[in-house]
Amino acid sequence: MAEYAVEIDEVSKMFKLYHENVKSLKEKVLFFRKRGYEEFWALKDVSVSVKPGETLGIIGANGSGKSTLLKCVTKILYPTSGKVVTNGSIAALLELGAGFQPDLTGRENVYLNASILGFSKKEVDKRFDEIVAFAELERFIDNHVRNYSSGMYIRLGFAIAINVDPDILIIDEVLAVGDEAFQRKCLERIEEIQESGKTIIFVTHNVEITKEICSYVVMLDHGSVVKEGRPREVVNYYHQVMETAEEGSERGDRRLEILGVALLNEAEEPTTVFHTGQPMKIRVAWRANEPVTDPVFGFSIDDYRGFTAYGTNTRLKGLDLGTLTGEGFVQFDLSSLPMLEGRYLVSAAIHSRDEQTIYHWLDRHVPFDMKSDVDDAGLLYVPTEIQVFR
Ligand SMILES: Nc1ncnc2c1ncn2[C@@H]1O[C@H](COP(=O)(O)OP(=O)(O)OP(=O)(O)O)[C@@H](O)[C@H]1O
Ligand SMILES: [Mg+2]
């Protein structure tokens, strides 16, 4: 097997930006053939190697060159200098709608797309039902793709890309277009693809996702690699540069310190998957590095967008903890989780009663997944009975 699945070697890409501000006919005639242009370097000496089985994340601000780099890997664009070597079959999910013929039906596009990726009609026949089922487009598969919503485009594109079983899967952002349930389904499938040893290159603005799925992350800025390495480090740097709040950050003077936060199921076992309607215990282990009087312990559960689903604390519940010394834990018993499927993050905090002093605050620190046995729509499960009068 080749050492690298993808080798990007000192790739630079220049675009010519033409000046269209010719003023008069005379000038037009005079400057005919001499239309001025400016060189714009969308990529400058980018080198990245991806080993088979690795998942590379590429992050960076708008216009930093991420899509241009992916296009060089998929050979939609050719570098101005440098080279890209790939080993293995590639399926790419690039910008919205790229690769679909709007005047063909979904069905026809599946065959067309897969044939471009090197699949015979027979092979597509075998996979067709699974592609359509994954895309959840059974009802629409014989409609013209022109009438698809952007989410439907992406569903179909992703379903094709993963079902043709490429050695290298390239995904540009697009997942963000799908709804939450579809995104989650895609991420689960990406995990399966990773487990089967395939190589993935993944561009996203949801940098927290790269921490979950990438083995290596590269950050681009104005066409150059400004940071690369372990996802955590690169994402931290990204947050510094972009001045966005970081998931998993902590603060506080630590006079009272959170030693750990455990999520426990009914049987008091640490768990990362909970089902709708199940209880959860959030156990916050603490240590008083000096005696602290009247602290307040709290937690919140946020979804991946940062919306707080629920939160409370010992003050709101009327508890007075007195003076804490030594070590112990505070346990929040949630009798029934109402959230439907999705990824959530638990924050835990210890602060003074007036919230002026933060002892220790772990922001969106412990992730967990909600699973649901019901197919109901929305964020929360609301027990509903239906009566029909006629
Ligand atoms: N065909 C082109 N001609 C001229 N300039 C281009 C072309 N394609 C991209 N660019 C420029 O190259 C730069 C990098 O674009 P690119 O699409 O790679 O950014 P990106 O990192 O994918 O951004 P985003 O986060 O918005 O998707 C941008 O300034 C863009 O305007
Ligand atoms: Mg882009």
Side-chain angles (χ1 to χ4, degrees), residues 6-22 35-48 50 55-84 86 90-100 150-151 153-155 157-158 161 168-178 183 186-187 190 200-211 213-214 216-229 231 234-244 246 304-305:
V6 178
E7 242 183 306
I8 300 167
D9 188 18
E10 291 187 22
V11 163
S12 297
K13 178 68 190 175
M14 187 262 283
F15 292 113
K16 291 177 178 172
L17 303 181
Y18 289 95
H19 300 306
E20 301 286 359
N21 56 345
V22 178
R35 199 156 62 121
Y37 67 80
E38 207 181 302
E39 292 188 350
F40 175 81
W41 292 87
L43 293 173
K44 289 174 240 165
D45 281 330
V46 174
S47 297
V48 187
V50 195
T55 299
L56 169 71
I58 303 175
I59 61 178
N62 292 128
S64 54
K66 305 180 296 295
S67 298
T68 305
L69 187 59
L70 292 190
K71 285 178 192 157
C72 289
V73 173
T74 53
K75 307 211 160 41
I76 289 174
L77 289 175
Y78 285 90
T80 311
S81 65
K83 66 175 197 301
V84 178
T86 55
I90 298 183
L93 195 52
L94 297 177
E95 285 153 330
L96 206 54
F100 285 144
S150 45
Y153 255 94
I154 290 313
R155 283 163 186 258
F158 190 81
I168 304 166
L169 178 63
I170 292 183
I171 305 172
D172 191 355
E173 194 61 54
V174 293
L175 292 190
V177 178
Q183 267 187 46
C186 291
L187 288 175
I190 286 172
I200 302 176
I201 303 184
F202 191 81
V203 165
T204 182
H205 282 111
N206 186 345
V207 295
E208 303 302 337
I209 284 186
T210 67
K211 284 202 258 182
I213 67 168
C214 296
Y216 198 80
V217 175
V218 166
M219 177 173 164
L220 293 178
D221 184 22
H222 293 95
S224 301
V225 175
V226 288
K227 186 89 182 169
E228 60 184 304
V234 182
V235 169
N236 280 348
Y237 183 77
Y238 176 91
H239 281 304
Q240 276 172 32
V241 174
M242 306 291 279
E243 297 187 341
T244 41
E246 180 208 349
Y304 73 99
R305 291 163 298 195

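Order of listing sets the numbers, starting from 1, for every ligand and every atom in it.
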Within a distance under 4.0 Å of any heavy atom of Ser67, pick out the atoms of ligand 1 and give their elements.
17 (O), 18 (O), 20 (P), 22 (O), 27 (O)

Hey, which atoms in ligand 1 end up nearer than 4.0 Å to a heavy atom of Thr68?
9 (C), 14 (C), 15 (O), 16 (P), 18 (O)

State the OG1-CD distance between Thr86 and Glu7, to the nearest 0.5 angstrom.
10.5 Å

If we only count N/O pairs under 3.5 Å, is Gly65 in contact with ligand 1?
yes

Side chain or backbone, does Leu17 bring an N or O within less than 3.5 Å of an N or O on ligand 1?
no

Beyond-backbone contact of Val73 with Ile168, side-chain heavy atoms, under 4.5 angstrom:
no

Looking at Ser12 and Asp45, would you say the former's side chain and the latter's main chain have a donor-acceptor pair under 3.5 Å?
yes

Contact between ligand 1 and Ala61 is defined here as a heavy atom of the residue under 4.0 Å from a ligand atom; is it met?
yes

Would Ser64 count as a contact residue for ligand 1, given that I'm defining contact as a non-hydrogen atom of the residue lying under 4.0 Å from a ligand atom?
yes

Between Lys66 (side chain only) and Leu220 (backbone N and O only), is there a donor and an acceptor less than 3.5 Å apart?
no

Taking atom NZ of Lys83 as the centre, does the number of heavy atoms from other residues, nucleotides or ligands within less than 6.0 Å exceed 12?
no

Let me check your reading of the structure: within less than 2.8 Å of the Mg ion (ligand 2), is there an N/O/S atom from Asn62?
no

Side chain of Thr210, backbone of Gly57: donor and acceptor closer than 3.5 Å?
no

